[in-house]
Amino acid sequence: MSKIRVRFAPSPTGGLHLGGVRTALFNYLFARKHQGDFVLRIEDTDQSRYVAGAEQYIVECLKWCGLNPDEGPHVGGTFAPYRQSERKENYRRYAETLVKDGYAYYAFDTAEDLEAQRQQIPNFRYGHGSREFLKNSLTLPDAEVKRNLEQGVPHVIRIKMPTDEMITFQDRIRGHVSFDSNLIDDKVLLKADGMPTYHLAVVVDDYLMEISHAFRGEEWLPSAPVHILLWNYLGWKDKMPEWVHLPLILKPDGNGKLSKRDGDRLGFPVYAMNWKDPKTGDLTRGFREMGFLPEAFINMLALLGWHNGSDQELFTLTELVDQFSIERISKAGAKFDFEKAKWFNHQYIRQAQVSELKSQILVCLAEKGIAVQDNQYLEKVIALVQDRLAFLQDFWDQSFFFFEQPQAYDFGTVKTNWTSSKSDFFETYIAHLEQNMSSNAQELEASFKSLATEKGMKVGELMLPFRIMLVGGKFGPGVFDIAHLLGIEETINRIQKALLTL
RNA sequence: GGCCCGUUCGUCUAGGGGUAAGGACGUUAGAUUUUCAUUCUAGAAACAGGGGUUCGAUUCCCCUACGGGCUACCA
């Protein structure tokens with residue numbers, strides 16, 4: 001069996017959609033599992049849609065996810081170049097070969113010509129039944145075709161779909177798939193600007209790069225027959241990769257493919273990382289900047305359309321590599337569920353080492369303009385609150401009171417039920433603390449409780465006020481853990497300050 | 001419209017001719033947390049419909065319905 005080689009082939013037109021990341025992931029898993037090569041190929045054949053910076057962005061996304069390609073424009077490789085714009089010469093050559101062999105033809109119809117056809121004919125298709133009435137090398141006299149070509153009249157090269165042929169192939173996910181050649185149009189292979197369309201480029205490059213398995217979204221299924229034909233016409237039939245058409249990732253509500261718009265509308269990210277459109281300057285938030293851990297993001301994506309058959313939900317990348325198989329990819333599209341994505345992230349944050357979280361939390365804090373000076377203290381705070389974080393971004397909301405005194409107190413009914421004996425209790429507690437400046441959390445709690453009993457008061461009526469004094473509201477970790485981490489001195493300060501408002 | 005693909009709890013899915021149709025997210029209830037979140041326990045919740053095949057279909061076949069994708073000199 002020949003070497004496994006797969007490619008992730010995005011076009012650099014904007015942010016990297018999570019569906020794209022999943023395609024990259026499946027490619028990566030398959031390649032690693034079979035000791036194959038994972039190639040990044042940039043499909044930048046549409047010059048009008050090219051967006052500056054998008055390629056670099058894609059590379060960074062893959063890096064963040066831990067899916068580093070073995071070959072690609074940024075790392076090179078034996079099959080370079082990896083940008084289709086830099087392989088332009090190849091395509092014309094192959095397209096001309098197809099024309100010579102009678103499998104394709106020149107077409108001189110202008111965009112306006114075609115538009116007019118579409119206006120007149122309801123379901124206009126360039127192909128059977130229409131190609132013989134249009135301006136192409138099938139209908140025009142040879143001399144005129146030759147003259148047109150010599151004079152550089154703009155033209156495209158179209159595939160000539162055969163008549164009455166069933167085009168069939170095996171898809172690794174869907175099994176046997178077949179199409180009637182009479183119903184497929186003569187797709188453009190080479191555009192007037194000399195660039196290939198996706199159809200030509202993908203076949204030529206998959207051949208040249210010796211790709212063994214072509215993973216792509218299900219949206220490509222309808223154009224597969226064109227590609228199959230091309231593999232045959234170019235004489236590469238034996239080298240054709242196996243096809244793996246992945247189920248689509250759908251929007252959570254309603255139906256249809258998940259798009260960036262859905263994310264904006266429903267309030268969750270769709271792109272892997274922040275994407276700033278260089279033209280409009282619009283910023284679209286990504287999973288990374290939303291506070292996702294790459295491991296969680298990948299784990300969540302892996303289970304969108306793939307399952308190992310067991311009850312396991314949490315997988316490391318290595319486990320995924322180990323267990324991945326095309327046979328276990330499902331056929332139907334999967335609706336994206338942000339709640340579940342959140343749950344995955346929560347799981348990974350809980351499991352994470354404090355040191356791992358620290359560096360990323362520091363970044364989040366920096367974004368908010370907050371600088372933390374004491375690293376050891378920060379680590380202790382993280383350890384205390386990490387179970388409560390669904391996102392890294394939640395950190396500040398869960399822990400700001402460790403770094404600054406509460407600005408406001410949510411005393412509410414505590415205030416209306418306040419008594420002088422409660423004030424008295426806290427005064428006494430302060431006095432006690434002053435004598436025991438090195439108490440740990442347990443001791444703090446024990447003395448608090450015994451003091452309350454001594455005074456004949458209910459602990460429950462005192463705990464909540466104490467918490468609010470320290471953090472400002474009804475939230476946070478164990479109150480004595482907070483007091484201990486804050487330090488006795490600061491605890492006393494806060495009690496005194498809050499007492500003034502009661 | 002045409003072509004292609006698909007259809008198990010609300011969602012992601014496991015399963016597969018005879019099952020109490022399993023798990024996870026979410027949800028509901030209870031316990032813990034003298035806050036909140038976490039955590040724990042329990043519960044509700046699904047085989048799109050109709051025909052076959054069969055002793056027996058959720059599972060195999062066909063049809064219908066529904067959903068999706070594609071239908072550009074975009075990928």
Side-chain angles (χ1 to χ4, degrees), chain A residues 9-13 43-49 84 107 109-111 114-115 118 122-126 154-158 171 173-175 177-180 182-185 187-199 201-202 216-225 245 247-248 250-257 300 303-314 328 330-344 346-347 350 385-390 394 398 410 449 458-468 471 473-479 482:
Chain A
S11 60
T13 53
E43 310 230 328
D44 55 351
T45 54
D46 186 353
Q47 296 167 328
S48 65
R49 291 217 306 160
Q84 291 185 324
D109 318 85
T110 62
L114 297 178
E115 191 43 46
R118 289 192 186 97
N123 288 314
F124 173 74
R125 250 195 345 246
Y126 205 120
H155 64 276
V156 301
I157 292 179
R158 287 180 181 270
D171 180 84
I173 295 179
R174 281 146 230 290
V177 183
S178 61
F179 295 84
D180 180 349
N182 295 334
L183 271 12
I184 302 169
D185 26 341
K187 293 283 183 207
V188 170
L189 301 178
L190 200 77
K191 301 184 266 188
D193 65 1
M195 278 291 195
T197 56
Y198 172 83
H199 306 298
V202 74
R216 63 188 357 178
E218 195 189 347
E219 71 262 36
W220 290 109
L221 212 43
S223 53
H245 287 98
L248 264 16
L250 278 12
K251 51 187 77 184
D253 63 334
N255 305 302
K257 275 202 286 188
M300 178 273 292
L303 260 33
L304 227 42
W306 176 85
H307 194 280
N308 79 342
S310 79
D311 288 345
Q312 187 177 355
E313 298 278 336
L314 267 16
R328 298 207 64 95
S330 42
K331 293 180 167 74
K335 287 186 183 175
F336 175 64
D337 180 2
F338 188 58
E339 285 305 318
K340 189 141 188 183
K342 214 157 124 179
W343 176 81
F344 275 111
H346 188 35
Q347 296 305 309
R350 289 182 51 209
V385 302
Q386 80 179 99
D387 275 4
R388 330 169 76 85
L389 310 178
D394 296 339
Q398 291 292 339
D410 179 20
K449 286 180 175 172
K458 283 188 186 156
V459 179
E461 287 181 12
L462 268 9
M463 292 271 276
L464 190 59
F466 187 32
R467 165 177 297 283
I468 300 171
V471 312
K474 295 181 238 182
F475 49 81
V479 67
I482 296 173

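Please read these numbers as outputs of a predicted model, since none were measured by experiment. Note that these values count all heavy atoms, side chains included, but never hydrogens, waters or copies made by symmetry.
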S.K.: For A:G217, which contact category applies under a 4.0 Å heavy-atom criterion: base, sugar-phosphate, or nothing?
M.R.: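 Since no nucleic acid heavy atom lies under 4.0 Å of A:G217, the category is nothing.
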
S.K.: Compare all side-chain heavy atoms of A:Y126 with those of A:V188 and state whether any distance is below 4.5 angstrom.
M.R.: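 No, too far: nothing below the 4.5 Å cut-off.
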
S.K.: Using atom CG of A:D180 as one end and atom P of B:G2 as the other, report the distance to the nearest whole Å.
M.R.: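 After rounding, the reported distance stands at 14 Å.
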
S.K.: Roughly, in whole Å, what's the span from NZ in A:K335 to C1' in B:A46?
M.R.: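 Spelled out: NZ on A:K335 to C1' on B:A46 is 14 Å.
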
S.K.: Between B:A48 and B:C9, how many Å separate the two C1' atoms, rounded to a whole number?
M.R.: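 The answer is 14 Å between these two C1' atoms.
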
S.K.: Which whole number of Å gives the distance between the C1' atom of B:U64 and that of B:U7?
M.R.: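 It comes out at 13 Å once rounded to the nearest Å.
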
S.K.: According to salt bridge (charged side-chain N to carboxylate O under 4.0 Å, His left out), who are the partners of A:R350, at least two apart in sequence or on a separate chain?
M.R.: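 If we apply the salt bridge (charged side-chain N to carboxylate O under 4.0 Å, His left out) test to A:R350, skipping adjacent residues, the hits are A:D387.
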
S.K.: Is A:K340 paired with A:E313 through a side-chain N to carboxylate O contact shorter than 4.0 Å?
M.R.: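 Here A:E313 pairs with A:K340 in a salt bridge, since their nearest N and O are under 4.0 Å apart.
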
S.K.: Any base atoms under 4.0 Å from A:V471, or only sugar-phosphate, or nothing? Heavy atoms, all strands.
M.R.: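 Here A:V471 touches no strand at all.
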
S.K.: Applying the Watson-Crick and G-U wobble criteria at under 3.5 Å, what pairs with B:A45? Answer none if nothing qualifies.
M.R.: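 B:A45 is unpaired by these criteria.
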
S.K.: If we take the P atom in both B:C62 and B:G67, what is their distance in whole Å?
M.R.: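 One P to the other, the span is 22 Å.
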
S.K.: Looking at every strand, decide which applies to A:R328 at a 4.0 Å heavy-atom threshold: base, sugar-phosphate, or nothing.
M.R.: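 Counting heavy atoms under 4.0 Å across all strands, the contact made by A:R328 is with sugar-phosphate only.
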
S.K.: Round to a whole Å and report the spacing from CG of A:D394 to P of B:U38.
M.R.: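 From A:D394 CG to B:U38 P: 12 Å.
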
S.K.: Below 3.5 Å is the cut-off: list the nitrogen or oxygen pairs between protein and nucleotides 39-42 of chain B, distance only.
M.R.:
unit_1 : atom_1 : unit_2 : atom_2 : d
B:U39  : OP1    : A:R350 : NH1    : 3.1

S.K.: Run the numbers on A:Q84 and A:M195 for side chain to side chain contact (heavy atoms under 4.5 Å, CB included), then give the verdict.
M.R.: CA-CA 9 Å; A:Q84 291 185 324; A:M195 278 291 195; over 6 Å; no

S.K.: Taking a pair as Watson-Crick or G-U wobble with both distances under 3.5 Å, which nucleotide is matched to B:C55?
M.R.: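 When the pairing criteria are applied, B:G18 turns out to be the nucleotide that pairs with B:C55.
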
S.K.: For nucleotides 63-75 of chain B, give me one character per nucleotide, 5' to 3': B if any protein heavy atom sits under 4.0 Å from the base, S if the only such contacts are to the sugar-phosphate, - if neither.
M.R.: ----SSBSS-BBB

S.K.: List for me each residue that meets side chain to side chain donor-acceptor pair (under 3.5 Å) alongside A:D410, sequence neighbours excluded, and say none if there are none.
M.R.: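 By the side chain to side chain donor-acceptor pair (under 3.5 Å) rule, A:D410 matches no residue at all.
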
S.K.: Given atom CG of A:D387 and atom P of B:A37, what is their separation to the nearest angstrom?
M.R.: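 Distance check: A:D387 CG to B:A37 P gives 14 Å.
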
S.K.: Rounded to the nearest Å, what distance is computed from the NZ atom of residue A:K340 to the P atom of nucleotide B:A24?
M.R.: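 My rounded result for the distance is 9 Å.
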
S.K.: Between B:C12 and B:C55, how far apart are the P atoms? Round to whole Å, please.
M.R.: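 Pairwise P distance, B:C55 against B:C12, rounds to 37 Å.
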
S.K.: What is the distance from CZ of A:F338 to P of B:C12, rounded to the nearest Å?
M.R.: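 Between P of B:C12 and CZ of A:F338: 17 Å.
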
S.K.: Any donor-acceptor pair under 3.5 Å linking the side chain of A:H346 with the backbone of A:L389?
M.R.: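 Judged by distance alone, yes, a pair lies under 3.5 Å.
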
S.K.: With sequence neighbours left out, write down each residue that passes salt bridge (charged side-chain N to carboxylate O under 4.0 Å, His left out) with A:D46, or none if nothing qualifies.
M.R.: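 By the salt bridge (charged side-chain N to carboxylate O under 4.0 Å, His left out) rule, A:D46 matches A:R49.
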
S.K.: Would you classify A:S330 as touching base, sugar-phosphate or nothing, given that sugar-phosphate means primed atoms plus P, OP1 and OP2, and contacts are heavy atoms under 4.0 Å?
M.R.: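 Sugar-phosphate: the residue A:S330, judged by heavy atoms under 4.0 Å, touches backbone atoms but no base.
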
S.K.: Quick one: look up who B:C25 pairs with, Watson-Crick or G-U, both distances under 3.5 Å, and put none if it's unpaired.
M.R.: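 With both distances under 3.5 Å, B:C25 matches B:G10.
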
S.K.: When you compare B:A44 with B:G10, how far apart are their C1' atoms, in angstrom units rounded to a whole number?
M.R.: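 That atom pair is separated by 12 Å.
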
S.K.: Measure NZ/A:K342 against C1'/B:G26 and give the value in whole Å, please.
M.R.: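 After rounding, the gap between these two atoms is 11 Å.
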
S.K.: For A:W306 and for A:N123, find the nucleotide of RNA chain B with the closest heavy atom, then tell me which residue's nucleotide is more 5'.
M.R.: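 First, find each residue's nearest nucleotide; the 5'-ward one identifies A:N123.
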
S.K.: What integer number of Å spans the P atoms of B:G49 and B:C66?
M.R.: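 Straight-line distance between the two P atoms is 15 Å.
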
S.K.: Who are the salt bridge (charged side-chain N to carboxylate O under 4.0 Å, His left out) partners of A:K251, not counting sequence neighbours?
M.R.: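 So A:K251 forms a salt bridge (charged side-chain N to carboxylate O under 4.0 Å, His left out) with A:D262.
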
S.K.: Provide the distance between the two P atoms, one in B:U11 and one in B:U54, to the nearest whole Å.
M.R.: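 To the nearest whole Å, 35 Å.
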
S.K.: Report the residue (A:L183 or A:E339) whose heavy-atom-nearest nucleotide on RNA chain B is the more 5′ of the two.
M.R.: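 With A:L183 and A:E339 compared, the 5'-side residue is A:L183.
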
S.K.: A:H199 vs A:W220 aromatic rings, parallel, tilted or perpendicular, using cut-offs 30° and 60°?
M.R.: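 Aromatic pair A:H199/A:W220 classed perpendicular.
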
S.K.: Considering only the C1' atoms, how many Å lie between B:U8 and B:G2, rounded to the nearest integer?
M.R.: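 Those two atoms are separated by 31 Å.
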
S.K.: Please name the nucleotide paired to B:G30 by Watson-Crick or G-U wobble geometry with both distances under 3.5 Å, or report none.
M.R.: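 Across all strands, the one nucleotide that pairs with B:G30 is B:C40.
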
S.K.: List for me each residue that meets side chain to side chain donor-acceptor pair (under 3.5 Å) alongside A:D337, sequence neighbours excluded, and say none if there are none.
M.R.: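 In terms of side chain to side chain donor-acceptor pair (under 3.5 Å), with neighbours along the sequence ignored, A:D337 is linked to no residue.
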
S.K.: Could you work out which one of B:U11, B:U35, B:G22 sits closest to the side chain of A:R467?
M.R.: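 It is B:U35.
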
S.K.: In whole angstroms, how far is the C1' atom of B:U35 from the CD atom of A:Q398?
M.R.: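 To the nearest whole Å, that distance equals 12 Å.
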
S.K.: Could you pull out all residues at least two apart from A:T13 that satisfy side chain to side chain donor-acceptor pair (under 3.5 Å)?
M.R.: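 Listed in chain order: nothing, the list is empty.
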
S.K.: Ignoring the backbone of A:F179, work out which of B:C3, B:G15, B:U35 is nearest its side chain.
M.R.: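 Nearest to the side-chain atoms of A:F179, counting from C-beta on, is B:C3.
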
S.K.: Considering residues at least two apart in sequence or located in another chain, which fulfil the salt bridge (charged side-chain N to carboxylate O under 4.0 Å, His left out) criterion with A:E219?
M.R.: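 Applying salt bridge (charged side-chain N to carboxylate O under 4.0 Å, His left out) to A:E219 gives none.
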
S.K.: Just name whichever nucleotide pairs with B:A72, Watson-Crick or G-U, keeping both distances under 3.5 Å, else none.
M.R.: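 When the pairing criteria are applied, nothing turns out to pair with B:A72, so the answer is none.
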
S.K.: Quick one: label A:G305 by what it contacts on the DNA or RNA (base, sugar-phosphate, nothing), any heavy atom closer than 4.0 Å.
M.R.: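 Touches sugar-phosphate only.
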
